[in-house]
**Q** 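Below are the structure tokens for one structure; questions will follow.
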Amino acid sequence: MSKWIYFFEEGRSKDKHLLGGKGANLAEMSHLGLPVPAGFTITTQSCIHYLEEPDFFTSHLQEEILKAVSELELKTGRSFMNKEGLPLLVSVRSGAEVSMPGMMDTILNLGLNDERVKDLAELTNRHFAYDCYRRLLQMFADVVYGLAKERFDEQLDQAQKENGKPVQDFSQLEQEALVESYKKVYQSCRKSFPQDPADQLFAAVKAVFASWNNPRAKIYRQLNAISDKLGTAVNVQMMVFGNSDEESGTGVVFTRNPAKGQKELFGEFLLNAQGEDVVAGIRTPEPIQALAQHLPKAYQDFKDYAQILERHYRDMQDIEFTIERGQLFILQTREGKRTAQAALQIALDLVEEGLISQEEALLRINPKLVDQLIHPVFEPESLESAQPIAQGLPASPGAAWGKLVFTAQDAKRYHEEGQKVILVRQETSPEDIEGMIVSQAIVTSHGGMTSHAAVVARGMGTCCVAGCSDLSIKEEEKIVHYGKKSLKEGDIISVDGSSGKIYLGALPTSLIEKNENLEQVLLWADQHAQLEVRANAETIPDLRTAIKFSAKGIGLARTEHMFFGKARILEMRRLILADQEADRKEALVKLLTFQAEDFYQMFKEVGDRPLVIRLLDPPLHEFLPKEDVEIEEVAQELGKSPSLIRERIKQLVETNPMLGHRGCRLGISQPAIYQMQVEAVISSAIRLQQKGLAIKPEIMIPLIAEKKELDYLRALLEDHISHIFKKYSAQAFPYEIGTMIELPRACLIADQLAQAADFFSFGTNDLTQMTYGFSRDDIGKFINHYKNKEIISFDPFQTLDKEGVGELMRLAVEKARRIKPQLAIGVCGEVGGDPASISFLEEIGVDYVSCSPYRIPAARLAVAQASLLKKLEQERHQA
Ligand code: ADP
Ligand code: MG
Ligand code: MG
């Protein structure tokens, strides 16, 4: 028979899956001998069963709960069901495996009713007893029936006014009348408050189970990637009363500063108060240090227990306590949530204090947090000359620019087209989440520092300005007014989440000054890492960023962007539209000049680090104009007729461009473009060679599916390169020609390709597209259906699909290494920067991952974590 209920003595902190975090830690603290009021935990499994089949409650749980309550009566010497003796009141507290602060419900003082409140009043004092009862009535109504708390507060205010005195001076009759008025609130909604304590308990437990699925809990789980299947445990615990007198109180304390990480108690308390009074904000709590004056003994005890807990858990704790008549009780402990900055500081301090090892510190820091430490700021020079157009609250730090959009749908649409967007709304709501995720920054005209936009943005590490009332936002009309001017969808603005200022146009960004703690941690990380981290970068600013973050090289420099820019794209268009050889040659010469200069600068920037340059990848039609106006313009500039251009566009149109005339297929059908690119690469390397810089160019050919494609292109390029050495009268030097592995067929014939390639680089974006047959640009249209219906639990373009794409990669590595054991193999798709994918990449034996520059610090940490976890796994095997 399954066990649905555990007393605190029966569990340990490792039982979080079954007992929830709160329950497991209450158990652990009881075990440690800390003063924890007695109680028991109804398991998460019970919750899951109940939510699936409500009858489970009567058939399995009810009886068990009653038994546990009798045992609790024995343990505490108080009575819950019977009238004799001091009444046993309990709290009914939610608590899931993963802590979700404030997301689910709790009821205090359960067990009181019209009669027992009188008994309690006689045994203690009247004000206290009625205070407890009123709190119960109010919380029960809120949690069980969803009645607004304010409706009860109104009754209290009115009674105090009518009686002309504060509630603590009410007579017995006045207290009873007040309770009656609370019950009227129930009646007005056709509800009643159960007088039988057992009925109260059953209703409360069911309501806490159900709170697992309340909207805010669901959204929290979505945001934090917590499974909906875990369920919440319910803790039933004897009440201790912080509202007994002035020698009582309650508080919440972090053992270290959760914002910056300093080693100091950080928290607040209230005297003569219960539970949620601290957060409710009716009375202003005092800083915990002040407790030393009020209740020195309790304060000292608290400090001692805080230290015991921190040492026991070897991490910063977030502790809830209550003091009843001078005696301290600990009601909860958990790992404290902290900012990225504090996470680093605390991890480093704990190493120094000898509580954890370097390895543990590395394993504890979530690589995603690292991303938050390196958000960009606007370059100071550019800020000097920029005039802000509006000022709001600096809700989440960072700096970003993008095209203004007014709805989450538009944000997604622009994002899918590869555009940067800033979501501007009066305020945001949970329905906007998907749009917020893809936005560079979020701006609202309403709401404060704890508004939905602000909280969510901070959670995501996205820059946010909230409550910017200088802006008058018309979402329907897609227009925003500021002063006498206005902006519309698609206009570019810059947002500074650290100052709250908004600017017109795109201001250049750079990184915040160096973070010494981060550097320290990443230096440790590098010592443990087996995989190398390189960057996907091609522009000079991106290359600089990559190097600043200690990228070991550039795993992917795309050359597409070299064909954009006004002057360049004109030449590219001249080339594509040429009907005479002379035109074609002229365009190629111009493009060669541009690209040679680009490569020269890139090589110079990167120095002796490897730089893998990928030859042109996209299909040619991407370079042609689309709109009529643009077609006319281009026609004029190139001296051609618009109809000719339209004709050529028609020829180039492809039914399925993703599978179309692109990558090496272009190199084969139009060798001149690849030859030009290779000449640009080699000639710039020659120039640098002559200046004494040894450059070893690595040229990468995309979209290879056949060994003969590679053979053909390799021969073509090698031949051309030897001409180039002659043409520039230069001494030949080594270079490499490698290939991307981004088609399933390439994986399957990786042994053949290894014969013709000097290196491999997996392009996991295309490989995922081609393996799944999902287009990366369109997956957004259905991925949520897949997630909701539990067909796929993650986006395979963000996190590697190990079973499918991953298996192809594993096969390719094995086959290739059989031919060339030393072949360098990298991964340059989006998943190369994803911590969840990195362990797998290490396992199959790739040499490096390559990701966008800002993801490098997180990737360096993730790579170290992968190695450390592998080492731990091996040690476990040996043991
Ligand atoms: P949350 O998960 O929202 O923090 P809790 O279950 O921790 O909810 O309950 C909130 C507060 O209620 C606690 O911090 C504590 O002050 C009070 N509380 C809970 N159980 C008890 C108890 N047995 N005795 C006294 N106060 C309690
Ligand atoms: Mg709590
Ligand atoms: Mg590709």
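Note that this is a predicted model, so its numbers are computed, not measured. Counting convention: from 1, in listed order, for ligands and their atoms alike.
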**Q** Listing by chain and number, which protein N, O or S atoms are under 2.8 Å from the Mg ion (ligand 2)?
**A**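 Checking every protein N, O and S atom gives E320 OE1, E320 OE2, Q332 OE1.
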
**Q** Is it true that the side chains of D304 and Q300 contain a donor and an acceptor less than 3.5 Å apart?
**A**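 A pair is found: one side chain offers a donor N or O, the other an acceptor, under 3.5 Å apart.
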
**Q** Using a strict cut-off of 4.0 Å, indicate which atoms of ligand 1 neighbour a heavy atom of E320.
**A**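 Counting atoms of ligand 1 from 1, those under 4.0 Å from E320 are 4 (O), 7 (O), 13 (C), 14 (O).
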
**Q** Tell me: protein heavy atom nearest atom 8 (O) of ligand 1, and distance?
**A**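 For atom 8 (O) of ligand 1, the nearest protein heavy atom comes out as T106 OG1, 3.1 Å.
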
**Q** Who gets closest to atom 20 (N) of ligand 1 by heavy atom: S94, S91, G275?
**A**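 Considering heavy atoms of S94, S91, G275, the nearest to atom 20 (N) of ligand 1 sits in S91.
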
**Q** For side chain to side chain donor-acceptor pair (under 3.5 Å), just list the numbers for E310 and T255, CA-CA rounded to whole Å, side-chain angles, deciding distance to a tenth of an Å, and then say yes or no.
**A** CA-CA 7 Å; E310 206 182 64; T255 56; 2.7 Å; yes

**Q** Please list the nearest protein heavy atom to atom 19 (C) of ligand 1 with its residue and the distance rounded to 0.1 Å.
**A**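 Scanning the protein heavy atoms, the shortest distance from atom 19 (C) of ligand 1 goes to R93 NE, 3.4 Å.
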
**Q** Among E52, E97, E790, which residue meets the salt bridge (Lys or Arg N to Asp or Glu O under 4.0 Å) test with K229?
**A**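 Going through E52, E97, E790 one by one, the salt bridge (Lys or Arg N to Asp or Glu O under 4.0 Å) with K229 is satisfied by E790 alone.
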
**Q** Taking only Lys NZ, Arg NE, NH1 and NH2, and the carboxylate oxygens of Asp or Glu, determine whether D105 and R93 approach each other closer than 4.0 Å.
**A**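 Judged by the 4.0 Å cut-off on N to carboxylate O distance, D105 and R93 do not form a salt bridge.
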
**Q** At less than 4.0 angstrom from any non-hydrogen atom of T250, what atoms of ligand 1 do you find?
**A**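 Heavy-atom distances to T250 below 4.0 Å select 16 (O).
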
**Q** Nearest protein heavy atom to atom 15 (C) of ligand 1, by residue and atom, and its distance?
**A**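 Scanning the protein heavy atoms, the shortest distance from atom 15 (C) of ligand 1 goes to L331 CD1, 3.7 Å.
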
**Q** For atom 1 (P) of ligand 1, which of Q237, M139, K22, M100 has the closest heavy atom?
**A**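 Checking each option, the heavy atom nearest atom 1 (P) of ligand 1 is found in K22.
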
**Q** Using a heavy-atom cut-off of under 4.0 Å, does the side chain or the backbone of P37 touch ligand 1, or both, or neither?
**A**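 Under 4.0 Å from ligand 1, P37 contributes no heavy atoms.
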
**Q** Show your reasoning for whether salt bridge (Lys or Arg N to Asp or Glu O under 4.0 Å) applies to E154 and R151.
**A** CA-CA 5 Å; E154 284 164 17; R151 303 189 51 182; 5.8 Å; no

**Q** Are T250 and T322 linked by a side-chain donor-acceptor pair shorter than 3.5 Å?
**A**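 Note: T250 and T322 side chains meet the donor-acceptor criterion.
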
**Q** Between F209 and Y50, what is the ring plane arrangement, given parallel below 30°, perpendicular above 60°, and tilted in between?
**A**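 It falls in the tilted class, 30° to 60°.
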
**Q** Between N272 and E247, do the side chains contain a donor N or O and an acceptor N or O under 3.5 Å apart?
**A**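 No, because no side-chain N or O of E247 sits under 3.5 Å from a partner of the opposite role on N272.
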
**Q** For ligand 1, is any non-hydrogen atom under 4.0 Å from L108's backbone (N, CA, C, O), its side chain (CB onward), both, or neither?
**A**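 Side chain only.
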
**Q** Any atoms of ligand 1 less than 4.0 Å from a non-hydrogen atom of Q332? List them with their elements.
**A**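 Heavy-atom distances to Q332 below 4.0 Å select 4 (O), 7 (O).
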
**Q** May I ask you to list the atoms of ligand 1 that are less than 4.0 angstrom from any heavy atom of M238?
**A**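 Contacts of ligand 1 toward M238, numbered from 1: 22 (C), 23 (N).
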
**Q** Measuring from atom CZ of F321 to atom CD of Q332, what distance do you get when rounded to the nearest 0.5 angstrom?
**A**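 Rounded to the nearest 0.5 Å, the CZ-CD separation comes out at 13.0 Å.
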
**Q** Is there a donor-acceptor contact under 3.5 Å linking the side chains of H312 and E28?
**A**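 Yes - a donor-acceptor pair under 3.5 Å links their side chains.
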
**Q** Who's closest to atom 25 (C) of ligand 1 heavy-atom-wise, of L26, T322, V240?
**A**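 Minimum heavy-atom distance to atom 25 (C) of ligand 1 goes to V240.
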
**Q** Indicate, as side chain, backbone, both or neither, the part of M239 found under 4.0 angstrom from ligand 1 when only non-hydrogen atoms are considered.
**A**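 Both the backbone and the side chain of M239 come within reach of ligand 1.
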
**Q** Output, in order, the C-alpha distance, side-chain angles, deciding distance and verdict of side chain to side chain contact (heavy atoms under 4.5 Å, CB included) for F193 and F140.
**A** CA-CA 8 Å; F193 176 72; F140 192 92; 3.8 Å; yes

**Q** Run the salt-bridge test on D301 and K297 with the 4.0 Å N-O cut-off and return the result as yes or no.
**A**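 So D301 pairs with K297 through a salt bridge.
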
**Q** Within 45 degrees of the ring normal and closer than 6.0 Å to the centroid, is that where the cationic atom of K75 sits relative to F7?
**A**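 Judged by the rule, K75 and F7 form a cation-pi pair.
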
**Q** Tell me whether Q274 reaches ligand 1 (any heavy atom closer than 4.0 angstrom to a ligand atom).
**A**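 It does not; every heavy atom stays at 4.0 Å or beyond.
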
